[in-house]
**Q** 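The structure that follows is given in the form of structure tokens.
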Amino acid sequence: MKTRGLFGRLWRDYVSRYASDFTLLVPALALVAAAGVSYALILKYTTDGVANDQPNVVFLAPVAVLIATSLRAFGMWAQAVLSQGLALKVLRDLQGAMFAKLMKVDFARHAREEPGKLVSRFTNDINVVSEALVRGAQATIRDALTLIGAIASMLWFDWVLTLVVFVVFAAAAWPLQLIAKKARDKTKEAQIQIGSLTTLLTETFSAARFVKTYSLEDHEIARTDASFEERRRLSMKLAYNRASTVPLMEIIGGIALAGVLWIAGLRIIADVMTVGDLIGMIGAVGVATPAARALGQFNTAMGEANAALARIFGLLDEPMTINNKPDAKPIAITNGRVEFEDVSFSYGEGPALEHVSFTVEPGETVAFVGPSGAGKSTIFNLLPRLYDATGGAVRIDGQDVRDVTVASLRASLSLVAQEAAMFNDTIRANIALGREGATHAEIEEAARGAAAHEFITALPNGYDTVVGERGANLSGGERQRIALARAFLRDAPILLLDEATSALDAESEAKVQEALARLAKGRTVLVIAHRLATVRDADRILVLDDGRVAEMGAHGDLMAQNGLYARLNVLQFRAE
Ligand code: ADP
């Protein structure tokens, strides 16, 4: 029932819109089936004709064969192109729908699932579904028709002999299925092992420096040798399995042939059957066997596709909680005042924030400090509504962030994170991500503001330099300044800085600090910093501890209080 539901939905939402492709595919499949079955008929009539001394058969038979093969050849080409074409269109639409959904789902989803697993939805799952579609179209129409046609002609040639063939094949089907099932289980086992072997190899290669310096070569060799041996053992089991099918098929084939020859001989001598019937029968079995095999495999393919479809539709149906309210209006920014009022939040288990209240006045810079896990990043997550607070309210200029449109809310914020997000495109394009439709002059001005223009123009291709995967062609400080340029371009009234300078060398840090000071001017700034030295200049410092506000005030006041902030300062300077 559930299976039908999933495939029904696939048909309704993704396949049926290409009905015109289907109307061409069905006749192509029928043509392949009909031409295949016609071989058996041609064989019978040719044999009977030659046996009865009809000379015209000698000319007609080759012509009939040529016509049948040409039709079948054309049908096969059309079927391959049409079924693949249809499957690829469905595949593209499914990928598009999945990607669009993943771009819009709540951030929490991305935090929950590893990127690798998401990527495999686009490769493995999608491929399984498209494979099943191609096979499904072929099996349900072409193979079923072929089988029906072949059996009908066999019954018509000689029903007694047909029964014999059936009995032998039915008796053979059972052990063959057992072996096939065993082989499937073994294949799965082997695949899992290959997966862990791959992990083991990549792990070892990527830890090459550690392995060398700790002289772990022999240890690693022993570990991988065990894995190679395990692989041999599993593959050998599979080989035994495969090895037993071949002789079994041979024996079954032999029994079938012996039975057929015996019964056919008796019936031909008794004149109830012609030699043509026998030859036609052999031809029909030849056509029916691959069709029957394909129908058998179809089930497995459908089972796999079902699991993949369940995952795909499960993703497409995931509910989203961070949405625009029906009456949401764009946020009206007057001066950029940020307010947390009695905000509580939990990621699921324990609380991450408890009754947190504070305000950041327009133009003020407030630094958030505290031990790791205190809730600093969570505050940054609640402002752009990556998550919604479970209690209390987050407000910007008096408006609850949940009451305004998500897009306008996010446009009022610029986030500069510790690791600048980079796409493998030109510097110009990477900066332009700050604001859609920015002109080159604006991009350059933003880069000047971020102290990035100089290093960009010094590059051979200037603004057209491709930054490489994750910005690999740039240094950490350069990437950071590109991120700042984005924030300049975005020109949002509220700035969120997440430990923006902690990963840089002293020279880069000085440049970035300068640019930051320029960027902060006239904006409301919230900054997370672990390095307390960098936050002394903040107007106020908010000290978080275990999800609660522990202290709040200017550096001097907090030091005088001799509380958590003062203790953190002592610890840090001792460490440095
Ligand atoms: P900080 O930025 O101060 O280091 P966070 O705001 O990241 O602290 O974390 C606050 C608490 O919430 C911690 O206990 C942390 O383990 C938990 N936490 C953070 N992110 C997640 C998440 N995605 N899922 C579950 N728990 C989380």
Side-chain angles (χ1 to χ4, degrees), residues 95 99 102-103 110 115-116 118-119 122-123 202 205-210 212-213 384 410-411 413-492 495-523 525 527-531 533-534:
Q95 281 179 325
F99 189 77
L102 278 169
M103 284 295 98
H110 290 282
L118 284 181
V119 170
F122 286 84
T123 51
T202 42
F205 293 145
S206 54
R209 181 202 297 268
F210 174 68
K212 286 257 172 252
T213 47
R410 291 181 182 161
L413 304 161
S414 296
L415 171 75
V416 181
Q418 190 169 17
E419 247 318 303
M422 287 286 170
F423 295 93
N424 194 2
D425 202 339
T426 60
I427 290 182
R428 186 199 316 277
N430 267 289
I431 296 178
L433 293 173
R435 183 160 51 85
E436 215 176 328
T439 63
H440 179 65
E442 289 167 328
I443 290 172
E444 202 178 299
E445 195 193 318
R448 280 183 203 277
H453 179 73
E454 230 170 80
F455 92 76
I456 296 171
T457 42
L459 292 167
N461 291 324
Y463 281 86
D464 293 317
T465 306
V466 174
V467 301
E469 212 173 307
R470 293 187 195 187
N473 303 344
L474 302 177
S475 76
E478 290 167 348
R479 283 200 294 271
Q480 201 56 260
R481 277 177 275 164
I482 301 267
L484 282 181
R486 257 182 217 157
F488 269 103
L489 191 61
R490 193 167 181 80
D491 199 21
L495 191 58
L496 306 177
L497 301 177
D498 187 354
E499 314 191 69
T501 58
S502 64
L504 305 182
D505 58 84
E507 198 196 328
S508 298
E509 181 172 342
K511 282 198 181 126
V512 171
Q513 281 297 354
E514 245 177 62
L516 271 175
R518 264 198 302 277
L519 183 60
K521 202 164 279 170
R523 296 176 217 270
V525 183
V527 50
I528 293 180
H530 273 303
R531 307 191 27 215
T534 61

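All values below were derived from every heavy atom in this structure, side-chain atoms included, with hydrogens, water molecules and symmetry-related copies excluded.
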**Q** Considering non-hydrogen atoms only, spot the tightest contact between L484 and A515 and give its length.
**A** CD1-CB, 3.8 Å

**Q** How far apart are the closest heavy atoms of R479 and M422, and which atoms are they?
**A**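 Heavy atoms of R479 and M422 come nearest at O-CE, 3.4 Å.
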
**Q** Just how far is it from atom CD1 of I456 to atom CD1 of I431, taken to the nearest 0.5 Å?
**A** 4.0 Å

**Q** Indicate the atoms forming the closest heavy-atom contact of N430 with F423, along with that distance.
**A**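 Shortest heavy-atom contact: ND2-O, 2.9 Å.
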
**Q** Would you compute the distance between atom NE2 of H453 and atom CD1 of I443 and round it to the nearest 0.5 angstrom?
**A** 12.5 Å

**Q** Ignoring hydrogens, what is the shortest heavy-atom contact between L489 and A446? Give both atom names and the distance.
**A** N-CB, 3.8 Å

**Q** Between V416 and Q480, is the side chain to side chain contact (heavy atoms under 4.5 Å, CB included) condition met? List the steps.
**A** CA-CA 8 Å; V416 181; Q480 201 56 260; 3.5 Å; yes

**Q** Any chance you could measure T439, atom OG1, to E445, atom CD, to the nearest 0.5 Å?
**A** 8.5 Å

**Q** Measure from the side-chain N and O atoms of R518 to the backbone N and O of G449, and report whether any donor-acceptor pair falls under 3.5 Å.
**A** yes

**Q** How many angstroms lie between atom CZ of R410 and atom CG of L415, to the nearest 0.5 angstrom?
**A** 11.5 Å

**Q** Testing the basics here: between A450 and A485, what is the closest heavy-atom pair and its distance to 0.1 Å?
**A** CB-N, 3.4 Å

**Q** Would you call the rings of H440 and Y463 parallel, tilted or perpendicular if under 30° counts as parallel and over 60° as perpendicular?
**A** perpendicular

**Q** If you measure from CG on D425 to CG on D464, what distance do you get to the nearest 0.5 Å?
**A**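 Here the interatomic distance stands at 10.0 Å.
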
**Q** Would R448 and F488 count as a side chain to side chain contact (heavy atoms under 4.5 Å, CB included) here? Give the steps.
**A** CA-CA 9 Å; R448 280 183 203 277; F488 269 103; over 6 Å; no

**Q** If every non-hydrogen atom of H110 is compared with every non-hydrogen atom of L102, which pair is closest and at what distance?
**A** NE2-O, 2.8 Å

**Q** Please round to the nearest 0.5 Å and tell me the distance separating atom CG of L459 and atom CD of E478.
**A** 6.5 Å

**Q** For R523 and D491, run side chain to side chain contact (heavy atoms under 4.5 Å, CB included): C-alpha distance rounded to whole Å, both residues' side-chain angles, the deciding distance at 0.1 Å, then the answer.
**A** CA-CA 9 Å; R523 296 176 217 270; D491 199 21; 2.9 Å; yes

